[in-house]
Amino acid sequence: MTTVISPPESPAGSPAPRASRGFTFPTRFLPVIATIALFIAMFGVGSFRYEGFSSPQTLLSVLVDNSHLIVLAVGMTFVILTGGIDLSVGSVVALSTMIAAETLRAGWAAPLVIVTVLLTGSVLGLLMGLVIHYFEIQPFIVTLAGMFLARGLCYVISLESIPIKNETFTSFASGTIEIGDYFITPSVIVALVVLVIAAVVLHMTRFGRTVYAVGGSEQSALLMGLAVARTKVGVYVISGFCSALAGLLFSIYTLSGYNLGAVGMELDAIAAVVIGGTLLTGGSGLVLGSAVGVLVLGLIQSFISFDGTLSSWWTKITIGVLLLVFVLIQRLFTRRTT
Amino acid sequence: MIQMTAEAAEATRTEPVVQMSGVSVSFPGVKALQSVGLTLRPGEVHALMGENGAGKSTLIKALTGVYSIDEGTIIVGGEPRTFHSPAESQAAGISTVYQEVNLCTNLTVAENMLLGREPRSFGRIDTRAMNRRAGETLTRLGLDIDPKSQLGTHPIAIQQLVAIARAVDIDAELLILDEPTSSLDADEVAKLFEVMRTLRAEGVAIVFVSHFLEQVFAISDRMTVLRNGQFVGEYLTAETTQLQLVQAMIGRELETLEKIEQAAEEHTVKTQGAPLMEVIDLGRKGSVESVDLQLFEGEVIGIAGLLGSGRTELARLLFGADTPDHGDMRMRSKGTKLRTPRQAIDHKIAFSSENRRSEGVIADLSIADNMVLAMQASRGWLRPIPARTKDRLVRKYIEALDIRPADPNALMRNLSGGNQQKVLLARWLITEPELLILDEPTRGIDIGAKAQIQQLVADLSKDGMSVVFISAELEEVLRLSDRLVVMRDRRKIDERANEDVTVSDVLEIIAGEVRNDA
């Protein structure tokens, strides 16, 4: 699935602009290549230190365990590319699991449940986007409010966790797709499809180009006569939709609705996007990078579980260090180019 | 009328592309445009002229839909139109290139040229067609720029040309260039003019805003002059001289300035006895080398010099904003050391900084609050100024300095640069200083306010106040000062009485020193 990008073995090998791909230029790929290099290096170190780490299943398991986070990070990438931020996504994931579990318990049909959840997430995103754009309020504050609202709504639905026993959901959860001796789950396919669609939208549609333009300079985009309002609101709808979809995948992964679930997941998503090379100021970054960023986070967890002696808090510490290093690299990078 | 064919356009060639008449725009407390007209014809370069704050940018923004107009009509292609956003005016064939490049440096040249109008096939952006079309437009304008390169990798001049290429690609009938040459060198200006001539020959109407008179005379066919938000007149470039244009731009302020000069010449200072302030061998490492200076009561000392010559640094030493390493200072023959501005204020010295926005104006406070700040500081924060005193002082200075709006409660952010400067001057005048240090008090304000501030300095010195006047505009320094100090390379290189000194004399002093060094 990573055939879209140039092979990581030759990061500096193609300095000349290639005619085959008009929208690409080498500097844009540098941060993503750095992330991929980091991922490969981590995998190499793990394979060297731990028996069985080098199996392809290690990688596939990372995908399986983090497919919801990939979807979340994709939505977050849209928002961050415009220079915004969405803190509500973790709570929207939890709310989505609660709505799914509760409506399924009430006997709704699975397709209706899915549509309801996706609609709820999108509408929440729409409302936040409208407030951010038309009232000119900081996205940080608006989505913080959205975060509390969604988390609070979880408790309105139920004070306890609700198990999911619906057949469609359970069969989806237990389903596996064999690839030779290894396997992935249907959720992985969903995540990869979302990733591809997002990449196409960002690079091959006017909406996508406007996302980058707004992130580059909102004032310029406005003076160029671009649809800034529609784009700015649109990215929050996309993020809301992706959060709801991630919530569905998460509810399938855990087979329950849990109102305390996914606490802090918005921060994991932001970390993945930043480690994936997207500038927090907007305008630069690839959705593929965010997916690799999620894999890096996932691989850290694999490290911990393979080691067995490390406390799981090392995950957080490592993520913190990586995040700092990548932000510093970005800082140097942008300073060099400006 | 956007789809007007070439023949139809030819037939209506004399019809103006845009006709604005009686246009008024006002902001809170400020009338930015009063009944201004502008007529733009196809195939003509029309220069829009005026001093800073004359209303050029406001007029352009009123036309392109950034600001909404209070009164007046805008006729585009024969139909009355009101635009509510830049997108609407663009759709009607009006493209604008602003002084600051308004493009996205994170995207490629081709993307910037075609954003919002990308060629598509099956809903997908056809990148190849986009690069080809951008390349064609660039070639047509004689520009050798790779459409696939990232915009941010090019210098500002090239970005400016790309912005024009974008405007041209829109099939603009009217192209507005708002100070496009301010960041370009001579070769780049020549390149820009070539592009402008190409477009003019194609029948595009071009509005050209520039501060460089030579450029305006080189490229424009017609000129409209604005002054203080009002229409002065429309002139044919070929029938106008530079002097006539300057007079139209400056207007009766020219007379005021001549009067000030006369008053300053008649103004005499007693340079006997003890000076108000005397500094001997005053200096600070890395800022100013040892300076000797005497300043008498009622005297205006002008400090001339290039940027970075140590003008501002000297002022900061005199005010105690920086502490000198060596040298002595005497106030009224008494040895004095100024270590903080607070001590300087106690010695009745006032200092108005060159950085009006960052070091003076508090934008979210009212005129009254801004004015009493220095007085309050010198009294100490525990002794508030009685409301009645404050009210009286504020009203007195609003009237004396002709500050507009004359409302003590108006917020500073809504004032024009000239009026903000006057409030800052009032802030120091309220403390009744004996020595007033003014660093670039007239920078970036309109000619009317400039004249008023110069008048004020002349009046103050007549009443016995000593003034140190620093300005990059030599005419201003020469007009006001009794004595002239010339600085270069952080040193005082000359001091002389300001009698029959001309601008070129001063330039020679500055340049002459360079020759001696070499």
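In what follows, chains carry the letters A, B, and so on, assigned in the order in which the sequence lines appear, proteins first and then strands, with residues in each chain numbered from 1.
For N112(B), the parts lying under 4.5 angstrom from a heavy atom of chain A are both the backbone and the side chain. With a 4.5 angstrom heavy-atom cutoff, E118(B) touches chain A via backbone and side-chain atoms both.
V79(A) places none of its side-chain heavy atoms less than 4.5 Å from the side chain of I238(A).
For the options G65(B), G116(B), S95(B), A87(B), heavy-atom pairs under 4.5 Å to chain A are most numerous at G116(B).
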Item to complete: For the pair D169(B) and R133(B), evaluate salt bridge (Lys or Arg N to Asp or Glu O under 4.0 Å) and give the outcome as yes or no after the intermediate values.
Response: CA-CA 9 Å; D169(B) 188 85; R133(B) 187 165 136 194; 2.9 Å; yes
Worksheet item: Could you walk me through whether S149(B) and H154(B) pass the side-chain hydrogen bond (donor to acceptor under 3.5 Å, both in side chains) check?
Response: CA-CA 9 Å; S149(B) 55; H154(B) 294 292; 2.8 Å; yes
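The backbone N or O of E111(B) sits nowhere less than 3.5 Å from a side-chain atom of R209(A) that would complete a donor-acceptor pair.
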